[in-house]
Asks: 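Before I ask anything, let me first share the structure, which is written out below as structure tokens.
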Amino acid sequence: MPARQDRSELSMKQIVATLVNDALARLTDFADAAADLSIETTVERTRDPDHGDFTTNIAMRLAKPTRKNPREIAAGIIAALDDSKLIEKIEIAGPGFINFYLSAAAFHAELRTIVSDGEKYGRAKPKDSPKILLEFISANPTGPLHVGHGRHAAYGATVGNLLEAAGYCVHREYYVNDAGRQMDILGASVWLRWLGSKGVEVPFPENGYRGAYIRDIAEDIDTENLVTPTADDVLRDLPADAPESDKEIYIDALVARAKALQGEDGFDHIRQQALDSIRDDIEDDLTEFGVTFDTWFSEQSLTKTGRIDDALTLLEKRGLLYKKDGATWFPASNFGDEKDRVVVRENGAKTYFASDIAYHFDKRERGFDYLIDILGADHHGYLARLRAGLGAMGYQGDDLEVQLVQFVTLYRNGEKMQMSTRSGEFDTLRELRAEVGNDAARFYYVMRSNNQHLDFDLDIAKSQSNDNPVFYIQYAHARIASVFRQLTEKSLGWDPSGSGAQLGQLREPQEKTLMTSLSRYPEVLELAANNRAPQHLVHYLRDLANDFHTYYNAHTFIVDDESLRNARLYLILATRTVIANGLHMLGVSAPNKM
RNA sequence: GCGCCCGUAGCUCAACCGGAUAGAGCACCGGAUUUCUAAUCCGGAUGUUGCAGGUUCGAGUCCUGCCGGGCGCGCCA
């Protein structure tokens, strides 16, 4: 059989899978059976080195449809495989696994790819489609981000990085809920604090935003052209607040009073300044956290350009709206949702869902083919209705994917911390970052699966010890940097060409282990991206750092034998590259000194 | 009551499309440093994968029922 060309742009796994697929394509019996049953070749890393480097169970999976013995099928596949200098040997094992043992040359080639690709190593070739819109955090601009939003930020940013590494074009977006009633409540809250600072004492409403930041905003805003009403002006004829009466009715009345006393423009002036202040604070906070967006999409922009009405009009034209009990309903249950939803309330106000339909429609209209929303676990019911909305607007509901992020619990001194605003304990992302640092925070937030509750232990996140996987990984990187500094201090040079003869010096078991781990990196990136699961990368980096530390303790790199020294330095340079790439993917720094 | 997520070692968690003997870290015990950073390494124990069935060559993984935890089920945002 003809030897095939090496394919350095493929991951090792893809190289093996390609060999198997080519062989299958030649064996028509199996090819047809595999195609009929859409059995894809599954090539996996082995868990046990005794089973070689890669394995496939394809023979077992073909056994039933072809009614043949899996080991015979395996033998047939092996006979049909192209020769490759990257494969050392192939064995049939157990019930019909085909085990591949890769040659040293295969690993050496991978090392060279790592060093030559540098920070690009592990990244897939760019794909033209789909264009992905990734929306995450989208916390309401009514106060600073809290620790739960931090998880959304870290998770969303990392998933974005992973998808880009997988070759997708990713657009990151933050949806700013800057329209509607809650903005009025925010404005009223600031307004009352401003009045308070002018000596106009009005009881603060149950349903207002009480945080200290509201007072800060009230201090800072421009109120030059506003007249100051009296407390009596404010309170005259207002209904009672909770607990005597309904706090919702009260706050709405208060908002109406604020608008009456200050004028729509005056109140809007306050509300908009409050919004800008909070939004800017959120953006600063996230930027410091290494989380940035391509667009901050304003809900107000949807309202002002009439796109919500346009969307409703479109639904109306399609006969997909109906009236009941004075409200306007969208028959979401016709599109897979469990019940129909109101889009315009009896009082004429459009619901959130109406904006959501228009917003997601707008995402598709802007040319994004695939939408990913990262939402809090309490929003799990949204997927069905959002898909229903997209379906009604003429798009495939399947084009929307929702990833849910479960809640975060903070622990200090082994104690669960209460995160209510009223408790004295901190709960903002900014405070968390100040306490544990950005690196530890970014790392801890994505260490666990997004759909698993997260216990965030502040003491471990801060500890500079082997308890802490962030430092463990960073330390491996710093150690390698230190080795190269030592090399300079000793005035020793090294040949960075990594020529074949030199890499042949890598014969120690720790070196084989390290090379194997390094070669897995592109596969781990792909896995993590496909599953939106950064924790795979976290675990991988931990394992890789362990392989390096083990090697470090077992062998000296700066040895007298120049050929061996060059080979070892080449290997740890590749290790440094992969660790740095992986950490950057997580938004964590790769320090040269610790 | 209905829906979604989760249940794996003492603790916190992995386990890629169903694969070979279910793995890490922490904690605990013992050992390694005249050496490139000991924030390191090496060795040592632990499992009815919540329970009960089912599907099949093979199940932590898929299906059904049950138990336990979280979240949701508005003309709220």
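Quick caveat, the model's predicted, so the values are computed rather than measured. Order of the sequence lines fixes the chain letters, A, B, ..., with proteins taken first and strands second; residue numbering starts at 1 for each chain.
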Asks: Across the strands shown, which category fits N531(A) at heavy-atom distances under 4.0 angstrom: base, sugar-phosphate, nothing?
Replies: sugar-phosphate

Asks: Please determine whether any donor N or O and acceptor N or O are separated by less than 3.5 Å between the side chain of N553(A) and the base of rU40(B).
Replies: yes

Asks: Report the C-alpha separation of N592(A) and R576(A) in whole Å, then their side-chain angles, then the decisive distance to 0.1 Å, and conclude whether the side-chain hydrogen bond (donor to acceptor under 3.5 Å, both in side chains) test is met.
Replies: CA-CA 10 Å; N592(A) 291 322; R576(A) 175 185 180 167; 3.0 Å; yes

Asks: Just compare rA39(B), rC36(B), rG19(B) and give me whichever is closest to any side-chain atom of P95(A).
Replies: rG19(B)

Asks: Taking atom C1' in both rG25(B) and rU40(B), compute the distance separating them and give it to the nearest angstrom.
Replies: 15 Å

Asks: Paired with rU34(B) by Watson-Crick or G-U wobble geometry, both distances under 3.5 Å: which nucleotide is it?
Replies: none

Asks: Within the structure shown, what part of the strands sits under 4.0 Å from A93(A) by heavy-atom distance: base, sugar-phosphate, or nothing?
Replies: base

Asks: At 4.0 Å (heavy atoms only), tell me whether K324(A) reaches a base, stays on the sugar-phosphate, or touches nothing.
Replies: base

Asks: Measure from the side chain of L404(A), starting at C-beta and using heavy atoms only, and say which of rC13(B), rC76(B), rC4(B) lies closest.
Replies: rC4(B)

Asks: R341(A) CZ to rC75(B) C1': how many Å, rounded?
Replies: 12 Å

Asks: Side chain of H536(A), heavy atoms from C-beta onward: which of rC42(B), rA14(B), rA20(B) has the nearest atom to it?
Replies: rA14(B)

Asks: Measuring only the P atom in each nucleotide, how far is rC36(B) from rG44(B)? A whole number of Å is fine.
Replies: 28 Å

Asks: Between the side-chain atoms of T55(A) and the base atoms of rA20(B), is any donor-acceptor pair under 3.5 Å?
Replies: yes

Asks: How far apart are the closest heavy atoms of G143(A) and I282(A), and which atoms are they?
Replies: O-CD1, 3.8 Å

Asks: Measure from CG on D547(A) to C1' on rU40(B) and round the result to the nearest Å.
Replies: 14 Å

Asks: Tell me what E526(A) touches on the nucleic acid: a base, only sugar-phosphate, or nothing, going by heavy atoms under 4.0 Å.
Replies: nothing

Asks: In terms of the nearest nucleotide of RNA chain B, which residue is placed more toward the 5' end: H51(A) or H549(A)?
Replies: H51(A)

Asks: So, OP1 or OP2 of rC57(B): does either fall under 4.0 Å of a side-chain N or O from R61(A)?
Replies: no

Asks: Under a 90° cut-off about 0 for the syn range, is rC17(B) syn or anti?
Replies: syn

Asks: Paired with rA45(B) by Watson-Crick or G-U wobble geometry, both distances under 3.5 Å: which nucleotide is it?
Replies: none

Asks: Measure from the side-chain heavy atoms of R448(A) and tell me the nearest of rU12(B), rU21(B), rC36(B).
Replies: rU12(B)

Asks: For the side chain of D455(A), counting heavy atoms from C-beta on, which of rC13(B), rA20(B), rU21(B) is nearest?
Replies: rC13(B)

Asks: With a 4.0 Å limit, can you tell me whether R479(A) has a side-chain N or O closer than that to the phosphate oxygens OP1/OP2 of rA38(B)?
Replies: yes

Asks: According to the interplanar angle, ranging from 0 to 90°, do the rings of Y174(A) and W296(A) count as parallel (below 30°), tilted (30 to 60°) or perpendicular (above 60°)?
Replies: parallel

Asks: Taking only the C1' atom of each, what is the distance from rG30(B) to rU34(B) in whole angstrom?
Replies: 24 Å

Asks: Give me the distance, rounded to whole Å, that separates rG47(B) from rC13(B) when you measure between the C1' atoms they each carry.
Replies: 15 Å

Asks: What distance, rounded to whole Å, do you find between the two C1' atoms, one in rG23(B) and one in rC5(B)?
Replies: 24 Å

Asks: For Q452(A), which contact category applies under a 4.0 Å heavy-atom criterion: base, sugar-phosphate, or nothing?
Replies: sugar-phosphate

Asks: Which is true for S482(A) with a 4.0 Å heavy-atom rule: it touches a base, it touches only sugar-phosphate, or it touches nothing?
Replies: base

Asks: Inspect the contact between R271(A) and D184(A) and indicate whether a charged nitrogen and a carboxylate oxygen are less than 4.0 angstrom apart.
Replies: yes

Asks: Heavy atoms only, 4.0 Å cut-off, all strands: where does K13(A) land among base, sugar-phosphate and nothing?
Replies: base

Asks: I'd like the C1' distance from rU56(B) over to rC63(B), given in whole Å.
Replies: 13 Å

Asks: Compute the ring centroids of Y445(A) and H152(A), then answer whether they are less than 6.0 Å apart.
Replies: no

Asks: Measuring only the P atom in each nucleotide, how far is rG68(B) from rG74(B)? A whole number of Å is fine.
Replies: 25 Å

Asks: Think T351(A) has a side-chain N or O under 4.0 angstrom from the OP1 or OP2 of rG74(B)?
Replies: no

Asks: Classify the side-chain pair S355(A)/E299(A) by whether it contains a donor and acceptor separated by less than 3.5 Å.
Replies: yes

Asks: I'd like to know if D356(A) pairs up with R385(A) as an ion pair, taking the criterion as any Lys NZ or Arg NE/NH1/NH2 lying under 4.0 Å from an Asp or Glu carboxylate oxygen.
Replies: no

Asks: Measure from the ring center of Y552(A) to the ring center of F557(A) and say whether it is less than 6.0 Å.
Replies: yes

Asks: Heavy atoms under 4.0 Å, any strand shown: does A349(A) hit a base, just sugar-phosphate, or nothing?
Replies: nothing

Asks: For the C1' atoms, the ones on rU64(B) and on rG19(B), what distance do you get once it is rounded to whole angstrom?
Replies: 24 Å

Asks: Mapping N592(A) and N140(A) to their closest nucleotides on RNA chain B, which lands nearer the 5' end?
Replies: N592(A)

Asks: Counting heavy atoms from C-beta on, name the nucleotide in rC4(B), rA38(B), rC75(B) closest to the side chain of R345(A).
Replies: rC75(B)

Asks: Y359(A) vs Y175(A) aromatic rings, parallel, tilted or perpendicular, using cut-offs 30° and 60°?
Replies: parallel

Asks: Contact class for K593(A) (heavy atom, under 4.0 Å): base, sugar-phosphate, or nothing?
Replies: base

Asks: Out of rC71(B), rC16(B), rC41(B), which nucleotide sits closest to the side chain of N546(A)?
Replies: rC41(B)

Asks: Under 4.0 Å between any heavy atoms, over every strand shown, what does M60(A) touch: base, sugar-phosphate, or nothing? Just pick one.
Replies: base

Asks: Considering every strand and a 4.0 Å limit on heavy-atom distances, what is the contact class for F407(A): base, sugar-phosphate, or nothing?
Replies: sugar-phosphate

Asks: Can a side chain N or O of Y472(A) be found less than 4.0 Å away from OP1 or OP2 on rC41(B)?
Replies: yes

Asks: Can you tell me the Watson-Crick or wobble partner of rC66(B), both distances under 3.5 angstrom?
Replies: rG50(B)

Asks: Among rC41(B), rC75(B), rC71(B), which nucleotide sits nearest the side chain of W329(A)?
Replies: rC75(B)

Asks: Using the aromatic ring of F97(A) (for Trp, its six-membered ring), decide whether it stacks on the base of rA20(B) within the limits of 5.5 Å and 30°.
Replies: yes

Asks: Please work out if E346(A) contacts a base, only the sugar-phosphate, or nothing of the nucleic acid, heavy-atom cut-off 4.0 Å.
Replies: base

Asks: Using a heavy-atom cut-off of under 4.0 Å over every strand shown, decide if H477(A) touches base, sugar-phosphate, or nothing.
Replies: nothing

Asks: So do the side chains of M12(A) and R45(A) get within less than 4.5 Å of each other, counting heavy atoms only?
Replies: yes

Asks: Could you let me know what rG72(B) is paired to, Watson-Crick or G-U wobble, both distances under 3.5 Å, or none if it's on its own?
Replies: rC2(B)

Asks: May I ask you to evaluate whether R542(A) reaches the phosphate of rA24(B), defined as a side-chain N or O under 4.0 Å from OP1 or OP2?
Replies: no

Asks: Tell which nucleotide pairs with rC26(B), taking only Watson-Crick or G-U wobble pairs whose two distances are both under 3.5 angstrom.
Replies: rG10(B)

Asks: Taking any heavy-atom pair under 4.0 Å as a contact, classify A377(A): base, sugar-phosphate, or nothing.
Replies: sugar-phosphate

Asks: Does the base of rA20(B) carry an N or O that pairs as donor and acceptor with the side chain of N99(A) under 3.5 Å?
Replies: yes

Asks: Sort out the partner of rU56(B) for me: Watson-Crick or G-U wobble, both distances under 3.5 Å, none otherwise.
Replies: none

Asks: Regarding rG3(B), can its base be found pairing with the side chain of H380(A) as donor and acceptor, where the two atoms are less than 3.5 Å apart?
Replies: yes

Asks: In whole Å, I'd like the distance from the CD1 atom of I473(A) to the C1' atom of rA24(B).
Replies: 12 Å

